[in-house]
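Right, one structure below, let's go through it.
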Number of protein chains: 2
Amino acid sequence: MGEQGSRGPAAPARLRAGVPDATVARLPGYLRALRALADAGRTTVSSEALATAAGVGSAQLRKDLSHLGSYGTRGVGYEVAELVFHISRALGLGRRWPVVLVGVGNLGHALAGYGGFDDRGFSIAALFDVDERRIGERVGEQRVRHLDDLDDVVGAFGVCIGVIATPAHAAQDVCDRLVAAGVTSILNFAPTLLRVPPQVDVRKVDLSNELQILCFHEHRKGFALVEPLLDESMTGEVSA
Amino acid sequence: MGEQGSRGPAAPARLRAGVPDATVARLPGYLRALRALADAGRTTVSSEALATAAGVGSAQLRKDLSHLGSYGTRGVGYEVAELVFHISRALGLGRRWPVVLVGVGNLGHALAGYGGFDDRGFSIAALFDVDERRIGERVGEQRVRHLDDLDDVVGAFGVCIGVIATPAHAAQDVCDRLVAAGVTSILNFAPTLLRVPPQVDVRKVDLSNELQILCFHEHRKGFALVEPLLDESMTGEVSA
DNA sequence: TTTTGTGAAATGATTCACAGCC
DNA sequence: GGCTGTGAATCATTTCACAAAA
């Protein structure tokens, strides 16, 4: 709770059902891989094959799944459908989760139409903005509403997840209003650190951060080409 | 390298300058906090204050900075400007990084105009799409070009970072073309696992994954309200 | 006195390797 | 024979706590 950041620290207190955070973060990937397998007609899969499809090691996959229970068959593998069910349940996807999205600029539009939204167990309860020119605009199934209606919607639909797609300068205020309305999980696309009470979860997605991290590795790849050459030439071990 | 995923595993081989991945992932946050501090007129800051501004613990901040060098003054703190310089350098932000963006739908538009792009050391070398109706469209400073021009642009600008903002079904092909053109770091917004050669870095941003992770915690908050009550009532320890 | 920098301890995550089951 | 589930071992990260420096 209150971790924030795509690669945030582990949640300090795990109340029950000790599924490690690192495992939880990989479960959606397993689900996606399983669905692709199911679409391809597979009904059963080994840890090796599923791990490859999900881009992890097979030992890691088995360890991850072992935190959820024992749903495989030795010598055979896993039932695709059964595993989808158990992972979905562990993630709390047994129900439909209404989500509110605040900020209907380009990013908001993109998120609203992402597909992976309505597709999985999420549905957009409402879209909000404060720009009068956008209020009333139709986006997908929804009409954009004024942020002042937030409390009504959150109350009526029992929303507990909010997505912030506003400019940075508006994000903290929107966040405060979401929290005041009763939202307890926030996905923040604005490049700001949000201050929230401890019971509220925040995850952050930040383009600039991601680019800078890539940059670090890229930066180092440059040296990887140069430094070994230098090192070798200095020891006279050049082979070519 | 080849890690993929916002919370991917640690890069297996660190070639030089042992900055842990977890630290690298936090450096952009420190940079942002420092700039906010600088804008507010601060010229010096303690680890405690900076840590608070960045949303981490002060011990963690100091340990992270210690991987870059020893740039503080005991009893005083850090020079804001100096620290910005050293963190920027560690991240490889000493130069301007040209970036290509493929996929100019809503998401692509949002990314192109994000601000945090041109703002930090990144510049968009070109925007690409394959939809004939979009080719030639102006977005910001740029004109949308056909993906077939990719090689030319990557060659001419020495681009090594690519951003994929296409639908999922097109992502792997776009990725292959980026890699073939010489791009070695990819930021992927499409909900697919990309297959890349080992020297290529991929980071993934996926709305649906993030929502599902939030969902897990949300799901558990529900039990936090119910289960302790059950446990207590079963032991007869109810105090109210 | 204040605050950094850092060994050492504690915690957490991943990988190994194999016993156990089909 | 093949594959899962899992303790034990390894590796990484975070936190503690304090000596050293200004």
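What's counted below: heavy atoms across the whole structure, side chains too, no hydrogens, waters or symmetry copies. Numbered from 1 within each chain, the chains take letters A, B, ... in sequence-line order.
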Quiz prompt | Positions of residues 39-51 of chain A (non-hydrogen atom under 4.0 Å from DNA chain D), listed by number | solution =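 Correct list: A:S46, A:S47.
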
Practice problem: Choose from C:dA13, D:dT13, C:dT6 the nucleotide whose nearest atom is closest to any side-chain atom of B:R62. | Solution: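 For the B:R62 side chain, the nearest candidate turns out to be C:dT6.
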
Quiz item: Short question: side chain of B:N188, backbone of B:T192 - any donor-acceptor pair under 3.5 Å?
Solution: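 Yes; judged by distance alone, with no hydrogens or angles, the pair exists.
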
When you check the phosphate oxygens OP1 and OP2 of [N], does a side-chain N or O of [X] lie under 4.0 Å from one of them?
| X | N | value |
| --- | --- | --- |
| B:R26 | D:dT14 | yes |
| A:T73 | C:dC22 | no |
| B:Q60 | D:dT13 | no |
| B:Y78 | C:dG5 | yes |

Quiz item: Of A:G75 and A:K63, whose closest DNA chain C nucleotide lies nearer the 5' terminus?
Solution: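 Final value for this comparison: A:K63.
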
Quiz item: Under the 3.5 Å rule, do the base of D:dT4 and the side chain of A:R74 count as making a donor-acceptor pair?
Solution: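 Between D:dT4 and A:R74, which were checked side chain against base, a qualifying N/O pair under 3.5 Å is present.
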
Quiz item: Are any of the side-chain nitrogens in B:D206 or A:R32 under 4.0 Å away from the carboxylate oxygens of its partner?
Solution: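 Between A:R32 and B:D206 there is a salt bridge, with a charged N closer than 4.0 Å to a carboxylate O.
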
Practice problem: State, yes or no, whether a side-chain contact exists between A:K204 and A:N209 at a heavy-atom distance under 4.5 Å. | Solution: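 Side-chain contact under 4.5 Å: yes.
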
Quiz item: Is the closest side-chain donor-acceptor distance between B:T184 and B:Q199 under 3.5 Å?
Solution: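 On atom types as modelled, these side chains do not qualify, holding no pair under 3.5 Å.
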
